[in-house]
Amino acid sequence: MTQVATSLVGIMVVLLGSGMWIGLGLVATGAAMLALFRPQMPFIKLLAQQSWNVLSSPELLALPLFILMAEVLFRTNISASLFTGLTPWLRRVPGRLTHINVMGCTLFASVCGSSAATTVTVGRITAGELLKRGYDRDLVIGSLAGAGTLGFLIPPSTIMIIYGVMAEESILRLFMAGILPGALLAAAYMGYIGIRALLSPDAIGEAPPPSSMMHKLGALADLGPLLLLILFVIGSMYGGIASPTEAAAAGVIGAMVIGFAQRKLDLPGLLAAARQAAENSAMIGLIMVGAMFLSTAIGYLGLPRYIAGVINGWGLSPLALIAVLLVFYILLGMVMEGLAIIVMTLPITLPLVEAAGYDKVWFGVFIVIVVEMAQISPPVGFNLTVLQRLTGDSIGRITRATMPFFLIMAAFVFLIAVFPQIVSIVPDMMRN
């Protein structure tokens, strides 16, 4: 079995390192493994069966719709509305306008589902404005990088849809499970910013001018369309009125209404959003087909069962197992993209976590958080690249600025491991 594991790693490193598309690389790896160790297995028939099973999944239909909603919103005036709507309320809060990065990303993540899109949409306005007002550069960059990852955790989340399909878990329960952890993680970011502001007042720039209550309430009107869209999409799912797919379809219509009402969206822009959504959906679909085919192939070879037996032989406690998996995923995140990490490791790690007493919904939230950490882990972290384009700073400086938020996420993983009810309470309330 050691020869099987060594061959798997070697073939995958060669194929993916050659620049081959991830989806095709996974298919080629699975085919090569079957050819080497199970030559009698008809891998063409197996590939066709897995492709049909994945791409015909009803739960997967929500994915392109949520991606399209994010693409449409990206072409609206949402980012400017977030800044103007939140600014008057943060004058007296320790950290002042730095909190806009966290609050803006949290709100936009509630209708987006993409970490990179959240970071770009919020950061293209806030980064320049905060730096111009004298806020500490590292704090601005770090808070934007950390909060931008919330696009994966707070529903609707594209990563959670993919995990739900692969783990055969309810997408709706996964969405609901991400609400409280996402809110608590955002609160932890804001707490750090507040403490940093109290300890280093020079890190905080000029305060916005005083505002009357009428002006503050008027500023909320800028947030009105986004808040209504969030309430409609999330509320309809939580209340049992709509399935994730139905909520996604309604969300697309709502995003289009916002874009046309703001005169920021026209027919060419809508066609461009649809084209980009189709490209992203096709890419994710190919990766999922490759991942499921590879998972089935290595399952026939008995590799997941062998690795699970080896790790079980270590006699780790549940918390120690989580610590090992956290380090494992952090190391993978340094060299691989988050989606690829999930699809390639899930067949091996999910049975281990379930044997330790954690359920699939909990592990879904766990793996989303570690993928968020991968988004800000050098050298591959995609959010680092996004911020480099926004700010012009080096990857090294952005990484240092992001480190406090990376450590907050690591600590939060152990928090939900010790108190798993943080993840389960909202889905259980919804079920009751």
Side-chain angles (χ1 to χ4, degrees), residues 79 82-109 115 118-151 153 181-211 216 219 330 369 372-373 375-378 381 383-415:
S79 55
L82 286 170
F83 192 88
T84 57
L86 293 172
T87 294
W89 294 90
L90 297 173
R91 174 179 171 80
R92 298 184 181 278
V93 179
R96 292 178 185 156
L97 300 185
T98 316
H99 292 294
I100 290 181
N101 279 343
V102 180
M103 297 174 69
C105 286
T106 302
L107 290 173
F108 190 74
S115 173
T118 299
T119 304
V120 171
T121 302
V122 176
R124 62 182 177 180
I125 295 293
T126 62
E129 285 291 330
L130 294 179
L131 294 176
K132 184 171 65 177
R133 296 177 187 225
Y135 285 77
D136 180 76
R137 194 174 192 88
D138 287 348
L139 189 58
V140 170
I141 294 173
S143 61
L144 184 58
T149 61
L150 294 173
L153 183 58
L184 291 178
L185 193 53
Y189 292 156
M190 294 179 69
Y192 168 76
I193 292 171
I195 293 172
R196 175 78 179 273
L198 294 175
L199 296 178
S200 305
D202 293 342
I204 305 304
E206 63 183 56
S211 302
K216 292 180 179 179
I330 288 174
I369 294 175
E372 289 178 347
M373 298 171 72
Q375 292 290 106
I376 54 177
S377 298
N383 276 23
L384 301 181
T385 305
V386 170
L387 284 167
Q388 185 180 38
R389 294 173 183 169
L390 282 174
T391 64
D393 290 305
S394 66
I395 291 293
R397 176 166 188 174
I398 295 172
T399 301
R400 289 193 299 272
T402 307
M403 187 54 61
F405 298 88
F406 181 91
L407 296 176
I408 289 173
M409 281 189 276
F412 192 78
V413 167
F414 287 103
L415 179 66

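FYI, side chains are in, hydrogens and waters are out, and symmetry mates aren't considered; it's all heavy atoms of this structure.
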Give me the atom names and distance for the closest heavy-atom approach of P404 to A401. CD-O, 3.5 Å
Pick from R196, R400, R397: which one makes a side chain to side chain donor-acceptor pair (under 3.5 Å) with D138? R397
Set out, in order, the CA-CA distance, both residues' side-chain angles and the distance that settles side chain to side chain contact (heavy atoms under 4.5 Å, CB included) for L153 and I369, then state yes or no. CA-CA 7 Å; L153 183 58; I369 294 175; 4.3 Å; yes
Please report the shortest heavy-atom distance between H99 and M190, naming the atom on each side. CE1-O, 3.2 Å
Within-4.5 Å side-chain heavy-atom neighbours: T149 and Y189: yes
So, do F406 and I330 sit near enough that their side-chain heavy atoms are less than 4.5 Å apart? yes
Distance in Å, T121 OG1 paired with F108 CZ, rounded so as to fall on 0.5 Å steps: 3.5 Å
Considering only heavy atoms from C-beta outward, does the side chain of I100 approach that of L82 to under 4.5 Å? no
Find out whether E372 and L185 are in side-chain contact, i.e. whether some heavy atom of one side chain is under 4.5 Å from a heavy atom of the other. yes
Quick one: CE on M403 to OG1 on T399, what's the gap to the nearest 0.5 Å? 7.0 Å
Determine all donor-acceptor pairs shorter than 3.5 Å in which one atom belongs to a side chain in residues 139-146; sequence neighbours excluded.
unit_1 : atom_1 : unit_2 : atom_2 : d
S143   : OG     : N101   : ND2    : 2.9
S143   : OG     : L139   : O      : 2.8
S143   : OG     : V140   : O      : 3.0

Measure the spacing between CD1 of I376 and CZ of F405 and express it to the nearest 0.5 Å. 9.0 Å
Gap separating the OG1 atom of T391 from the CZ atom of R137, nearest 0.5 angstrom: 5.5 Å
What's the spacing between I193 CD1 and D136 CG if we round to 0.5 Å? 11.0 Å
With a 4.5 Å cut-off on side-chain heavy atoms, are E129 and T87 touching? no
Supply the atom-to-atom distance Y135 OH to T126 OG1, rounded to the nearest 0.5 angstrom. 11.5 Å
